[in-house]
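Naming: A, B, ... by sequence-line order, numbering from 1 per chain. When reading the values below, keep in mind they use all heavy atoms of this one structure, side chains included, and skip hydrogens, waters and symmetry mates.
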Amino acid sequence: MKTKKQNADFLHVGRKLLDWYKIHGRDLPFRKTSDPYKIWICEIIFQQTRIEQGLNHYNNFIQRFPDLKTLAAAENDEVLLYWKGLGYYSRALNLHKAAHQIMTEYKGVFPQEYDDILRLKGVGKYTAAAISSICFGKKIPAVDGNFYRVLSRVFADDFDVSKSKAFDYFSDLALKAMPENEAGTFNEAMMDLGSEICKPKNPLCENCPLNEDCLAFNLGKIQDFPVKTKKTKPTDLALQYSFVEFEGEFLIKQRGDDFIWKKLYEFPIEVPKEWNAFITRQKTVLHKLTHKNLSIVINHIVVESREMMEIFADENGFMIVNEEEAHQKSFPKPLENYLADRFKSKL
DNA sequence: AATGCGGGGTG
DNA sequence: CACCCAGCATT
């Protein structure tokens with residue numbers, strides 16, 4: 001059974017959260033700024049990505065592209081290069097598009113209105129809310145996985161977070177708990193509590209500033225929340241590549257922007273049948289993605305002349321690169337690993 | 001409303 | 001092995 005909560009009770013929880021954050025909040029590079037460009041970059045990078053995983057990427061990215069103008073002027077390939085290994089590569093493509101969007105539609109000045117920010121490519125309701133609140137003080141909750149977890153537990157709310165309506169539902173809950181004029185801090189505090197204390201598994205409830213108020217904790221039902229019914233089932237996919245090499249140079253080509261690994265580089269998939277005679281070894285790599293179990297067979301082919309590669313490259317749109325040049329391109333993780341293995345003797 | 005999209009961490 | 005992470009675009 002659910003008890004009716006007064007607005008004052010929600011606010012009480014929100015204030016406790018802010019008090020905790022002022023002492024225990026994480027010291028992160030993007031916490032020191034309210035530059036919407038930097039907050040935007042950080043929010044995109046950390047979509048579906050843990051802080052520890054993306055922190056170096058964020059620092060490198062900001063160092064290379066310190067402002068909007070620099071990013072907009074950059075080559076697409078270089079933006080992709082700085083995204084290498086982060087995954088969800090459409091984020092990098094949309095990021096670059098949005099940079100151009102701001103240059104042309106907003107004369108290079110980052111828009112301040114939630115509705116305008118929301119129209120940027122790759123920016124959804126969460127990111128628009130985060131930028132609006134952190135940079136421009138708008139009172140809008142940035143509802144993410146942390147919000148779902150914390151709020152569903154504190155209020156023992158079994159609303160299914162995999163439903164489309166969950167965002168608006170928990171936005172309303174969060175809004176009631178959000179003190180005036182501290183929206184940005186509140187949003188950051190919720191993220192920190194969610195990742196440091198109110199973790200998915202083994203939450204540290206004994207150290208939680210909200211444990212007196214947390215219904216799920218006091219009912220001993222922490223593990224029942226949040227309720228999430230959606231189940232993602234990976235499918236199997238077999239890929240075949242040929243690593244075609246001659247004296248340290250090899251063939252690569254950029255992928256399309258559909259399917260997986262958008263705009264990343266890869267080895268040839270089909271090669272002339274005659275080249276089968278040049279296969280020196282074959283390696284099978286198993287690689288797990290969230291939605292796919294990949295089985296990748298890589299034939300290592302050493303052709304007999306550079307001309308063989310040149311003809312093939314001309315006819316099929318491949319480029320011939322050496323290891324150094326390949327470092328300037330972004331490859332899918334399993335191919336990156338293959339290259340690292342192939343060239344590790346060098347150096 | 002449902003699906004696809006990476007890579008890495010955790011239990 | 002399953003589940004999750006500072007979500008979004010597309011259909």
Rounded distance (Å) that lies between atom C1' of dG7(B) and atom CG of Leu294(A):
12 Å
Looking just at side-chain N and O atoms, do Tyr241(A) and Glu266(A) make a donor-acceptor pair shorter than 3.5 Å?
yes
So, OP1 or OP2 of dA9(C): does either fall under 4.0 Å of a side-chain N or O from Ser90(A)?
no
side-chain N/O Tyr89(A) vs dG7(B) OP1/OP2, d < 4.0 Å
yes
Rounded interatomic separation in angstrom, taking CG from Leu86(A) and C1' from dC5(B)
14 Å
Has the side chain of Thr49(A) got a donor or acceptor that lies under 3.5 Å from a partner of the other kind on the base of dG8(B)?
no
Is any N or O donor-acceptor pair between the side chain of Arg91(A) and the base of dC8(C) shorter than 3.5 Å?
no
For a quick check of understanding: with a heavy-atom distance under 4.0 Å over all strands, which category does Tyr148(A) fall into, base, sugar-phosphate or nothing?
nothing
Examine dG8(B): is either OP1 or OP2 under 4.0 Å from a nitrogen or oxygen in the side chain of Lys333(A)? Give yes or no.
yes
Check every strand shown and say whether Lys231(A) touches a base, only sugar-phosphate, or nothing at a heavy-atom separation below 4.0 Å.
nothing
Of the options dC5(C), dG7(B), dC1(C), whose atoms approach the side-chain atoms of Leu289(A) most closely?
dG7(B)
Looking at His287(A), does any N or O in its side chain come under 4.0 Å of the phosphate oxygens OP1/OP2 on dG7(B)?
yes
Is Lys125(A) near enough to dG7(C) that one of its side-chain N or O atoms lies under 4.0 angstrom from OP1 or OP2?
no
Quick one: the side chain of Gln53(A) and the base of dG8(B), do they pair up donor-acceptor inside 3.5 Å?
no
Test for a donor-acceptor pair under 3.5 Å between the base of dG6(B) and the side chain of Thr290(A), counting only N and O atoms.
yes
